[in-house]
There are 2 protein chains.
Amino acid sequence: MLTIRDIAAKAGVSVSTASRALNNNPRISQATRERIQALADAEGYLPNYNAKNLTAGEANAVGVVFPTANHTLPENPFYIDLLRGINAQLVQRQYVLSVAISKTPEDLLKNVKSMVAQGKIKRFILFYAQADDPITNFLRQHKLRFVTIGHPADHAEDFFVDNDNLQAGIGGATYLLDQLAVKHPVFVESEHDWGYEQQRREGYERVTAEFNVEPLTCKLGELNRVRLFIKQHPEIDGIMATDDYNAIEFYRLLREQYDISRFPVVSFNHSLPDGLTDADLHSVDLFPEKMGSATVALLFSDREPLESPTPGQIKIPYEIK
Amino acid sequence: MLTIRDIAAKAGVSVSTASRALNNNPRISQATRERIQALADAEGYLPNYNAKNLTAGEANAVGVVFPTANHTLPENPFYIDLLRGINAQLVQRQYVLSVAISKTPEDLLKNVKSMVAQGKIKRFILFYAQADDPITNFLRQHKLRFVTIGHPADHAEDFFVDNDNLQAGIGGATYLLDQLAVKHPVFVESEHDWGYEQQRREGYERVTAEFNVEPLTCKLGELNRVRLFIKQHPEIDGIMATDDYNAIEFYRLLREQYDISRFPVVSFNHSLPDGLTDADLHSVDLFPEKMGSATVALLFSDREPLESPTPGQIKIPYEIK
DNA sequence: CTGTTAGCGCATTCAA
DNA sequence: TTGAATGCGCTAACAG
């Protein structure tokens, strides 16, 4: 294995000079810096992270924390895209993506603690934002840097990246009413009252007010209740759902009672293959990969100043497809 | 931070003795070993991975390689469960899970190379099995240990973990014909000819032969072709599909032409929430978490002998729910 | 601007 | 069985 000593020897300089050159330390002449970098490049020298981390007292790794099983389901496809966006940025910074994922909160906390204590990981990304969370409590307490995906429920000072769900709700509803010419759109949400659902609903309600149409919301759950709801609202001629699953489920129940075709639906976060429904499915794309990139930008904003207007948070725009 | 020197000092022994005690080195007395371990435990000592890795010349990390975007879609939910199973095992071994995920094969290879060269990672898990793959070529060439999820297309000597897709196909088909009393089951697969689909189909065909029913296969794809297929086969009274997506899509097309209810369907890998279809959906559970665990067992089988009958491969059983 | 020296935390050689 | 000394690869303090 090629070490920095080898490079120093071949360049005829001391090890510390080589180190300085390779790390762009200002205390070195432009000439030798370039000469040594070129040499290292030519020889294919690559630094040993473990050694670097040992001296730095900090690992070149970011811990990505997945939620425990209970609230994972609807988000799965999103996670993979997030990982892509995150890793693309980490690679550029010579960082590595380490995952913490466990079934119970206790195990998860252990996992994170070990990353901190043994692995010297000092930066984390959380794939959830939950009030009164042991992980975030731990990270805050140890003054470690972290960014959550989604708006933190408590602790307004936490850094986070989120979709601009209100705007996306407005955009989706406008598209439904304007482009798709729907007169009686129903807003369909899960039974979980997720924060993003509330924000998208708020957007929907603002638009219906503006268009002078009656807002109508259906929370999924017990099937017969939903069926009754549908029976009572035969006027419905379009759906805005908080995600593809909810869209498809509601549409299916609608089809039970009415024989419709090419029914306009706007949903978020296109996460399912086409072919699962014959609805006219449009989607508000929330750019999970961009979210991932933005997360990393925020995570390193102590080193690389950010041009975000609101320090500590980034909102990702949307696009309708 | 508490180091091994601190422990040695408090125990009144030298650093090397402390090191040996903590690593269960045989060259130490049972008594001092236990005494020092108890002390370290009480003091809350935790070793610094970077230092350990530096001396060991190898990182306590396993690289998990995701496929590039083109063949990711149908597997997403599966990946998360795999990660859970893998990480549970890694934590036990004091290992960390590092992810390589990129959009292009070139970037992915760079990612992996950096893990090897700079990160000193020597063990990998691949979330795919593909013939003529640059990543596996690289790993083989450098004699690094890796296990693939899924049967390797070439290189029969590679280690892998897979579902017992043939048996699962037999089990699913038997369930459909026997328990669900279906007389004319259709086998539905994607247009991709994945290896696991072929194996499940083989299972299906064996069972139909045994039950003396005509095997019937439909490959999804162009909608009107599938519609025609359905029209030509009004006898179909049950579906066996290679995954939930295919099951729901085919069932939807079937519903276009026939007004049926409580239609029996057997699928694999239950990956979608209920409520997306009104079919009577049964699922062959393939235990992705167990797969993850088994992968790690195989990855470390050089250190921890395995009781698997077939060295280098593990097949995960199934269960119908 | 560059070189010498020391040290990060740990495992391991060599002596005792 | 234990201890002292050395080195893993790299960075940084201190000299020059």
Side-chain angles (χ1 to χ4, degrees), chain A residues 1-37 39-40 43-61 94-96 114-122, chain B residues 1-37 39-40 43-61 94-96 114-122:
Chain A
M1 194 187 52
L2 212 52
T3 78
I4 200 172
R5 309 186 91 82
D6 301 318
I7 300 302
K10 301 210 188 213
V13 298
S14 76
V15 189
S16 53
T17 305
S19 171
R20 280 190 276 256
L22 295 170
N23 291 293
N24 287 315
N25 186 309
R27 294 175 48 179
I28 201 170
S29 76
Q30 184 70 11
T32 51
R33 173 198 324 238
E34 282 171 7
R35 186 169 61 87
I36 294 176
Q37 285 185 357
L39 179 69
E43 299 280 333
Y45 165 77
L46 292 171
N48 179 329
Y49 285 150
N50 291 313
K52 286 191 89 127
N53 292 342
L54 178 58
T55 63
E58 171 172 359
N60 67 330
Q94 315 255 65
Y95 264 66
V96 163
S114 151
M115 284 174 151
V116 172
Q118 330 215 94
K120 307 296 169 196
I121 298 183
K122 296 208 175 354
Chain B
M1 193 187 51
L2 212 52
T3 77
I4 200 172
R5 310 185 89 83
D6 302 317
I7 300 302
K10 301 209 189 212
V13 298
S14 75
V15 188
S16 50
T17 306
S19 171
R20 281 190 274 257
L22 295 170
N23 290 293
N24 287 317
N25 186 310
R27 292 174 49 180
I28 201 170
S29 76
Q30 183 72 12
T32 52
R33 172 198 325 238
E34 282 172 6
R35 187 169 61 87
I36 293 177
Q37 286 187 355
L39 179 70
E43 299 279 333
Y45 165 77
L46 293 171
N48 180 329
Y49 286 151
N50 291 313
K52 287 192 88 129
N53 292 341
L54 178 59
T55 61
E58 170 173 359
N60 66 329
Q94 315 255 64
Y95 264 65
V96 163
S114 150
M115 284 175 152
V116 172
Q118 331 215 121
K120 307 297 169 196
I121 298 182
K122 295 205 172 2

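Numbered from 1 within each chain, the chains take letters A, B, ... in sequence-line order.
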Between Asn53(A) and Asn60(A), is there a donor-acceptor pair closer than 3.5 Å when you use the side chain of the first and the backbone of the second?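 The answer is yes, because a donor-acceptor pair under 3.5 Å joins these two groups.
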Between Arg27(B) and Arg20(B) (side chain of the first, backbone of the second, donor and acceptor by atom type, cut-off under 3.5 Å), is there such a pair?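 A pair under 3.5 Å: no.
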Sugar-phosphate, base or nothing in reach of [X], heavy atoms under 4.0 Å:
| X | answer |
| --- | --- |
| Tyr49(A) | nothing |
| Asn50(B) | nothing |
| Thr55(B) | base |
| Leu54(B) | base |
| Val13(B) | sugar-phosphate |
| Ser19(B) | base |
| Asn25(A) | nothing |
| Ser16(B) | base |

If I take atom CD from residue Gln37(B) and atom CG from residue Asn23(B), how far apart are they, to the nearest 0.5 angstrom?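 Atom-to-atom, Gln37(B):CD and Asn23(B):CG are 9.0 Å apart.
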Find the distance between OG (Ser14(A)) and CZ (Arg5(A)) and round it off to the nearest 0.5 Å.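 Taking OG in Ser14(A) and CZ in Arg5(A), the distance rounds to 10.5 Å.
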By nearest nucleotide on DNA chain D, pick out whichever of Thr17(B) and Asn23(A) is the more 5' one.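 Its nucleotide being nearer the 5' end, the pick is Thr17(B).
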Let me know the distance between [atom1] of [X] and [atom2] of [N], rounded to the nearest Å.
| X | N | atom1 | atom2 | value |
| --- | --- | --- | --- | --- |
| Asn48(A) | dT11(D) | CG | C1' | 13 Å |
| Glu58(B) | dC8(D) | CD | C1' | 14 Å |
| Asn53(A) | dC8(D) | CG | P | 18 Å |
| Asn60(A) | dC8(C) | CG | P | 21 Å |
| Ile7(A) | dG3(C) | CD1 | C1' | 18 Å |
| Gln94(A) | dC10(D) | CD | C1' | 15 Å |
| Leu2(B) | dG9(C) | CG | C1' | 12 Å |
| Leu22(A) | dG9(D) | CG | P | 15 Å |

Heavy atoms from C-beta onward define the side chain here; which of dT4(C), dC10(C), dC1(C) lies closest to that of Ser29(A)?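 Out of dT4(C), dC10(C), dC1(C), the nucleotide with an atom closest to Ser29(A)'s side chain is dC1(C).
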dT2(D) base / Arg27(B) side chain donor-acceptor hit below 3.5 Å: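 Yes.
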Considering non-hydrogen atoms only, spot the tightest contact between Ala51(B) and Leu54(A) and give its length.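 Reported closest heavy-atom pair: CB-CD1, 3.8 Å.
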Do you know the tightest heavy-atom contact between Ser114(B) and Tyr49(A)?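 Scanning both residues completely, I find the closest heavy atoms to be OG-OH, 3.9 Å.
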Where each residue is assigned the nucleotide of DNA chain C containing its nearest heavy atom, which of Pro47(B) and Arg20(B) is assigned the position nearer the 5′ end?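 With Pro47(B) and Arg20(B) compared, the 5'-side residue is Pro47(B).
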Looking at Thr3(B), does any N or O in its side chain come under 4.0 Å of the phosphate oxygens OP1/OP2 on dG9(C)?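 Checking dG9(C) against Thr3(B), no side-chain N or O comes under 4.0 Å of OP1 or OP2.
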Within the structure, does a side-chain N or O atom of Lys52(B) lie under 4.0 Å from either OP1 or OP2 of dA11(C)?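 Result: yes.
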